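Just so we're clear, the structure is a prediction, and the values are computed from it rather than from any experiment. Numbers for residues simply follow the sequence, beginning at 1.
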Amino acid sequence: MAGTNGDVLLITCDSAEVAVVGEALAQAGLGYGQAADVAAAGLLAATTPFDAVLLGSDKSVSDAIAFLKSSGTRVPVLVMSGAGKSDMPVEAIKYVLSGALVQVAGLRDPGSGAVATILELISRNRTSNLGARLQDEVSKLSYIADTFSECLLMIDRAATIVYANRACHEKYEYSRGALKNCNISGLLAGPEDFARLKELIRVTRPGGSNTELTTVTRSGQKLLSLAVITPRSDDAGTVFAYVILLQDITDSRYAESRLQRRISALTSPAAGLSSLDFRDLITDPEIQMLQDTMAAAMGVSAVIVTSDGTPLNRSSNVTLLCSSLARAGSGPAQRCSKCIADLAGRADTGQQTRCTCPCTGMVEVAIPMVVNEEPAAFWIIGQVSLGEPAREKLQGLLADQGIPPGEARNLIAGMPRMTVHQLNQIVATFSMVADKVTRLAVQNLQQGKYINERNIALEELQRSEQRLQEMSYRDGLTGLHNRMFFEREMGRLGSDVTTFPVSFVAADVDGLKLINDTLGHAAGDQHLQIAGRMLSGVFSASGAVCRIGGDEFCVLLPGCDEAAAGQKLERLREEIRHHNESQPGCPVSISAGIATTNPGESLYDAYKRADRMMYEHKMKRDDYARSKSIDMILLSLSERDYMDHGHTRVLTVIVDAMASALGLGEDVQANLKLLARLHDLGKIGVPDEIVMKPGKLDEQEWVIMRSHVEIGANIASRSFHMNPIAPLIRHHHERYDGTGYPSGLSGSRIPLECRIMAIADSYDAMIADRPYRKGLSGDYALEEIIRNSGTQFDPELVKVFAGIVKSGRL
């Protein structure tokens, strides 16, 4: 049964003791689970997180203590002394337990010192655990957040600042580290802001909340800030800290007031535009057509708004991510409308203005549409990412909208991306069209030929639409046809019986996600371009090659039977083999399937068959794909000089010998060999100047270096082929005595593979030559391993390893 103040594991077979102790614990608000022996205790502990262990006074206490030692128990352990003062087991004293109760009878009184001791130790242990978790979160946050341009800080439950990033110190004019251990009230303008912050912290949701606060710099300058607050909690749901993002919105609030003054000026009779509305120049259908055509052709979102940010029509080509966030009345939707108004207000001078969306990090641009030398409306274009998206923040926002994690990841992955140069070209095109459209419309109005000239403008736009339509059928990255063209061709071919049979080649580029995670999205894009050129070179003369998704392609081959399509596919595979043999870098791997329309079968059914065949082919090539994925990882590590191939070969030999000596199964042996090759995978995410530093690392650099185990585990967990060794990568720097990192595991709680790896890695590190010393002798290295048995290394495994070395098997 669960308790309000905690749960106790009671190990005793004395029924009288159970009755007395159970009643006392229940009255103190403590739940308990009772086990008669060690085996039953192990089963209970595996399913219930206990806050303390209470051992009975019977003879089984020795076995229980041995069990607790081996399981690495990290909660308070107490021993009941029994009815007489001489019944205290000697083992309890040897084990240096958290405390011992003098008499079982003392538990009859819920207010006794015995019960108070249990409650106090549980509270102390919880506080210690939360403190350790807080320090762990601070270490992780400091590694990530110092590169942020926004102010980011973390406070504990007492509102004390435990971390503030570089931007926060610079924004508020403090020297580095000066904000740590200060109360956050020192950054706020007054008690009202502090009260608002405390109230928001009290009611904040798991996904975070936001409010506006007036903050103050060290010199006294007041800033209006948008505070986004996200709680951090442990596995039990107990909040131990809050991460706060402070975004300066002082300028945008000023711009809003300026916008209102500007609107008043434009609508006054003296301005000469009081009776002129943009809809007087271009009708709603024309606005919509203009938006839709330009947005589809340029691959950006677009909407024409008034000076106060009010859309004149529905937005065009809105990204799935933004449409998912922009639920009516939601925080993101409100912020989006404010950002659009701010953009329009700042562009009111007649100059283009850009901003970064605070929700998604995507760029948007305001382009004035000038009439009579005054902006009458504005293009708001964008919803494109110029860099790596802030995935954690976006996932939090999407979670607030009730979107499942898997769908959220797909929405983030589908964010449109382009370079600054590409965006500049698109902005120039929109500016040219805006200028031309408004000039023509004003001329029509002034000359009294509005209807006639409007038709001319429409004809020109229609011709432009035809040219832009062709552009909209091309994939911007590979130059191949895109999904829109694929759908159009499916409709056209379905109504043309002369094209039958139609064959489909469904193709999928293997390992693209892994390339993006390890080598970066630029490398992933280059990989896609190479694959696209190969597909185009083989198939474009006979059909249409389309990129229909991130790593998915489809080839339509009208008038081509399955045998002919199969010959072309073999040619593609030969091209891939030739490329991989002759070109350095990531090997290209493409899974493909073929299907040809049967009599009476629809094109979409045939395409689905090809897609299924492609996935069957991918699954049959699983071992090959796994090998290629690992080759990509090792290539990335070696290119950055993080991987010594000689080191990995020696490690593989050592762990293989130990696995054989221990009689481990094939799966464990395979994981060990893979761990030997990829244990330092996470160094991809550590700055080069730290990994390659010839001298000793300072404390901050060690914090960053130690993060490589978490980075490596995260990368491995996202790969189907490497997921099984993700926990092993995370814990391969744990020590047997619990002083390792990242989790401080000890004893058998450390995975067996990691305990083996610790011995192998240390031994090879000692015997290998280094730039600053010659390798040590094998005998000396073995002595060091034996000397650290029981502290750094598993004693039993050390014995096995020593036997292998002494037998000459290494």
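- Between Cys151 and Glu170, every side-chain heavy-atom pair lies at or beyond the 4.5 Å cut-off.
- Note that CD of Gln792 is 9.5 Å distant from CZ of Arg787, once rounded to the nearest 0.5 Å.
- Side-chain atoms of Glu734 come within 3.5 Å of backbone N or O of Leu745 as a donor-acceptor pair.
- A distance-only check finds no donor-acceptor pair linking the side chain of Asn788 to the backbone of Thr791 [under 3.5 Å].
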Test side-chain contact (heavy atoms from CB on, under 4.5 Å) on Ile155 and Val162; report intermediate values, then the result. CA-CA 5 Å; Ile155 61 173; Val162 295; 6.0 Å; no
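- The CE atom of Met766 lies 8.0 Å from the OH atom of Tyr780; values are rounded to the nearest 0.5 Å.
- Using a distance-only test at 3.5 Å, with no hydrogens or angles considered, no donor-acceptor pair links the side chain of Glu710 to the main chain of Ser707.
- When all heavy atoms of Glu796 and Asp794 are compared, the closest pair comes out as N-OD1, 3.0 Å.
- Minimum interatomic distance between Leu179 and His169 (heavy atoms only, all atoms of both residues): N-NE2, 3.6 Å.
- Using cut-offs of 30° and 60° for the angle between ring planes, the His733 and His708 rings count as perpendicular.
- Judged by distance alone, the side chains of Asp510 and Ser591 do bring a donor and an acceptor atom under 3.5 Å apart.
- Here the closest heavy-atom approach between residue Pro389 and residue Leu394 is recorded as CB-CD1, 3.9 Å.
- Annotation for Asp698: atom CG counts as buried by contact number, over 12 foreign heavy atoms lying within 6.0 Å.
- Using a 4.5 Å heavy-atom threshold, the side chains of Asp656 and Ile654 count as separate.
- Contact annotation: the side chain of Ile704 approaches that of Val686 to within less than 4.5 Å [non-hydrogen atoms, C-beta and beyond].
- Contact check for Leu728 versus His679: no side-chain heavy atoms found under the 4.5 Å cut-off.
- Note that CD1 of Ile711 and CD1 of Ile729 are 12.0 Å apart. Values are rounded to the nearest 0.5 Å.
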Step-by-step side-chain contact (heavy atoms from CB on, under 4.5 Å) determination, Ile804 to Met658: CA-CA 8 Å; Ile804 293 172; Met658 291 193 70; 3.7 Å; yes
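- Taking 4.5 Å as the limit, every side-chain heavy atom of Ile767 sits out of range of all side-chain heavy atoms of Leu776.
- Annotation: side chain of His521 is not in contact with side chain of Gln526 (no heavy-atom distance under 4.5 Å).
- At least one donor-acceptor pair under 3.5 Å links the side chain of Gln669 to the backbone N or O of Leu664.
- Within the model, atoms CG of Asp737 and OG of Ser746 stand 8.0 Å from one another, a figure rounded to the nearest 0.5 Å.
- Contact detail for Ile785 and Ile759: the closest heavy-atom pair is CD1-O, 4.0 Å.
- The shortest non-hydrogen separation linking Ile750 to Arg735 is CD1-O, 3.2 Å.
- Looking at Cys168 and Tyr174, their side chains never come closer than 4.5 Å, going by heavy atoms from C-beta outward.
- Taken from CD1 in Ile690 to NZ in Lys683, the straight-line distance is 12.0 Å, to the nearest 0.5 Å.
- The one candidate from Glu574, Glu581, Glu575 that meets the side-chain hydrogen bond (donor to acceptor under 3.5 Å, both in side chains) condition with Arg577 is Glu574.
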Run the numbers on Asn671 and Leu675 for side-chain contact (heavy atoms from CB on, under 4.5 Å), then give the verdict. CA-CA 6 Å; Asn671 285 344; Leu675 179 64; over 6 Å; no
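- Looking at Asp779 and Ser777, their side chains never bring a donor and an acceptor atom within 3.5 Å of each other.
- In this structure, the separation between CD1 on Ile756 and CZ on Phe793 is 13.0 Å, given to the nearest 0.5 Å.
- Within the 4.5 Å cutoff, side-chain heavy atoms of Ser743 are placed close to those of His731.
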Which is it for Leu782 and Phe801 under the side-chain contact (heavy atoms from CB on, under 4.5 Å) test, yes or no, and what are the steps along the way? CA-CA 9 Å; Leu782 178 58; Phe801 178 71; 3.9 Å; yes
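- The heavy-atom pair separating Gly524 from Leu512 by the smallest distance is O-CD1, 3.5 Å.
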